[in-house]
Amino acid sequence: MRFSSKATRRTAPVFLAIVTGLTLALSGCGGTTVNSDSDEVANSGTSAASANPDAPLKEGLKVAFLPKQLNNSYFTVTDRGGKTAVEEYKGTFSEVGPSEASASSQVSYINTLTQQGADVIATSANDPKAICSALDEARSAGAKVVTFDSDTDADCRDLYINQATAEGIASTQVKLISEAIGADGGDIAVLSATANATNQNAWIELMKKELQKPEYSKLKLVATVYGDDNAQKSQQEVQALMQQHPTLKGIISPTTVGIAAAAQYLSGSEYKGKVQLTGLGFPSQMKEFIKNGTMKSFALWDVEKLGYLAAYAGAALASGQITGAEGETFKAGDLGEFTIGADSVVLLGDPTVFTADNVDQFNF
Ligand code: RAM
């Protein structure tokens with residue numbers, strides 16, 4: 001047993017209350033109706049009526065994890081969670097992927113997986129559209145496609161496993177930078193991953209909305225730059241930001257690679273403790289920068305559980321337990337039961353905020 005958290009029943013973001021009610025209603029009548037208001041939920045090409053919640057998980061499933069890029073420790077951890085799950089249900093786990101996170105770098109890997117007859121492809125997409133036709137071919141050949149972390153357009157996959165609501169991720173980061181800078185506010189910038197990343201782009205749009213709230217009227221977003229989830233490029237971008245915006249008061253980096261690179265740069269510079277930094281990072285990587293005064297807080301979710309959940313979702317699809325339709329439920333090993341929400345999205349949980357008070361308590 002790997003995870004200690006209690007079994008929870010999760011649903012998609014905004015629709016929590018509605019979907020919970022709907023789920024109860026649906027389970028009373030077979031539990032497999034597709035929401036006809038949404039074009040996107042009918043994406044699996046499989047009739048919702050064909051789901052058999054009692055079908056056993058198949059053994060011997062070929063499950064491939066295809067991250068944005070291999071040399072990013074975030075995906076080492078998601079994929080480790082995926083491997084644990086696949087071993088639990090006696091499938092064959094593999095991990096393949098590019099060394100850089102450019103838009104189409106995943107296409108050739110998908111094509112190979114299709115040729116090899118993968119049953120499940122679990123992927124964090126570098127671009128919402130660039131891999132869609134390759135995924136279409138994979139699905140036509142019989143593979144189930146689960147996106148996690150960074151989604152494609154909804155009609156390119158069977159399910160998306162969302163780490164936390166995009167609204168929650170965005171509002172948390174804006175709140176943290178605001179608290180770190182203090183009441184006087186000032187100019188801020190975003191150091192993102194790649195310019196095409198579905199997940200970061202969704203968060204940035206929502207951060208912009210959040211910044212329009214009256215309580216953030218003294219914060220002004222002056223630049224968004226892209227480090228491409230490459231440590232060296234991310235540091236160069238921070239350096240350039242500081243040259244172009246000498247009055248900058250804070251940086252939000254919604255990427256584990258970007259925040260670590262920015263912290264490294266700031267901690268060795270004249271800006272340490274003067275230019276605030278927050279975003280999404282690993283406690284194990286970021287705690288030294290909390291302790292040395294470079295930053296005060298940051299956030300993330302349970303990355304290993306994200307991969308574990310994605311692998312179980314893929315097996316539930318490939319075993320016919322679910323089709324990806326809203327309201328269906330499946331069990332994800334130690335994590336318990338999950339309910340599919342609107343747009344075929346499954347929500348892992350809430351982000352955790354790390355500060356000097358708790359950063360030592362986490363081992364990832
Ligand atoms: C990087 C990747 C990933 C993102 C995390 C927070 O590792 O861009 O997609 O979710 O940061």
Side-chain angles (χ1 to χ4, degrees), residues 65-82 95 97-103 105-106 122-128 130-131 146-152 157 160-170 172-173 176 190-207 224-235 237 251-264 277-286 295 297-310 345 347-354 362 364:
F65 268 64
L66 171 57
K68 282 180 171 178
Q69 61 186 120
L70 285 184
N71 50 345
N72 174 346
S73 49
Y74 178 88
F75 294 108
T76 309
V77 181
T78 56
D79 296 8
R80 188 165 69 217
E95 183 197 46
S99 56
E100 34 93 33
S102 66
S105 60
Q106 294 166 310
T123 188
S124 170
N126 280 319
D127 184 280
I131 60 173
V146 177
T147 51
F148 68 94
D149 177 64
S150 182
D151 201 7
T152 54
R157 44 68 173 170
Y160 169 51
I161 312 300
N162 193 5
Q163 47 270 57
T165 69
E167 291 80 4
I169 295 170
T172 299
Q173 293 177 90
L176 295 181
V190 169
L191 169 68
S192 191
T194 62
N196 299 310
T198 326
N199 53 345
Q200 273 93 8
N201 285 345
W203 303 331
I204 291 168
E205 279 316 301
L206 289 164
M207 286 197 266
T224 299
V225 297
Y226 301 92
D228 292 347
D229 271 349
N230 172 303
Q232 201 185 348
K233 175 146 195 292
S234 301
Q235 287 203 357
E237 292 294 340
I251 298 173
I252 300 176
S253 188
T255 140
T256 55
V257 179
I259 195 173
Q264 194 76 50
L277 172 67
T278 194
L280 303 173
F282 281 102
S284 57
Q285 260 182 330
M286 305 312 295
M295 55 195 291
S297 61
F298 60 97
L300 200 64
W301 41 87
D302 192 319
V303 179
E304 191 161 356
K305 284 182 186 168
L306 181 64
Y308 183 87
L309 175 55
V345 177
L347 181 67
L348 175 66
D350 296 318
T352 302
V353 172
F354 307 98
F362 299 88
F364 59 92

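Order of listing sets the numbers, starting from 1, for every ligand and every atom in it.
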Trainee: Evaluate the ring planes of Phe354 and Phe364, with Trp represented by its six-membered ring, and classify them as parallel (under 30°), tilted (30 to 60°) or perpendicular (over 60°).
Mentor: perpendicular
Trainee: How close does the nearest protein non-hydrogen atom get to atom 3 (C) of ligand 1, and which residue and atom is it?
Mentor: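 For this ligand atom, the closest protein heavy atom is Asp149 OD2, 3.4 Å.
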Trainee: Determine whether the side chains of Tyr160 and Asn162 contain a donor N or O and an acceptor N or O closer than 3.5 Å.
Mentor: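 Distance-only check passes for Tyr160 and Asn162.
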Trainee: Step through it carefully: locate the ring centre of Phe65, locate the ring centre of Phe75, and say whether they are under 6.0 Å apart.
Mentor: no
Trainee: Find out whether Gln163 and Ile169 are in side-chain contact, i.e. whether some heavy atom of one side chain is under 4.5 Å from a heavy atom of the other.
Mentor: yes
Trainee: Decide whether Thr255 and Asp229 meet the rule of one side-chain donor and one side-chain acceptor closer than 3.5 Å.
Mentor: yes
Trainee: May I ask you to identify the nearest protein heavy atom to atom 11 (O) of ligand 1, giving residue, atom name and distance to one decimal place in Å?
Mentor: Thr256 N, 2.9 Å
Trainee: Can you tell me which residue and heavy atom of the protein come closest to atom 8 (O) of ligand 1, and the distance to 0.1 Å?
Mentor: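 Looking only at protein heavy atoms, the one closest to atom 8 (O) of ligand 1 is Asp229 OD2, 2.6 Å.
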Trainee: Which atoms form the tightest heavy-atom contact between Asp228 and Ala195, and what is the distance?
Mentor: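 Shortest heavy-atom separation between Asp228 and Ala195 comes out as OD1-N, 4.5 Å.
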Trainee: Please work out whether any backbone atom (N, CA, C, O) or any side-chain heavy atom from C-beta onward of Trp301 is under 4.0 Å from ligand 1, and answer side chain, backbone, both or neither.
Mentor: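 Side chain only; the backbone of Trp301 stays clear of ligand 1.
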Trainee: Any idea which atoms of ligand 1 are less than 4.0 Å away from a heavy-atom of Gln200?
Mentor: 2 (C), 4 (C), 8 (O), 11 (O)
Trainee: Which atoms from ligand 1 have a heavy atom of Lys68 less than 4.0 Å away?
Mentor: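 Selected atoms, number and element: 2 (C), 3 (C), 8 (O), 9 (O).
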Trainee: Identify, by atom number and element, the atoms of ligand 1 in contact range of Trp203, meaning under 4.0 Å from any of its heavy atoms.
Mentor: 10 (O)
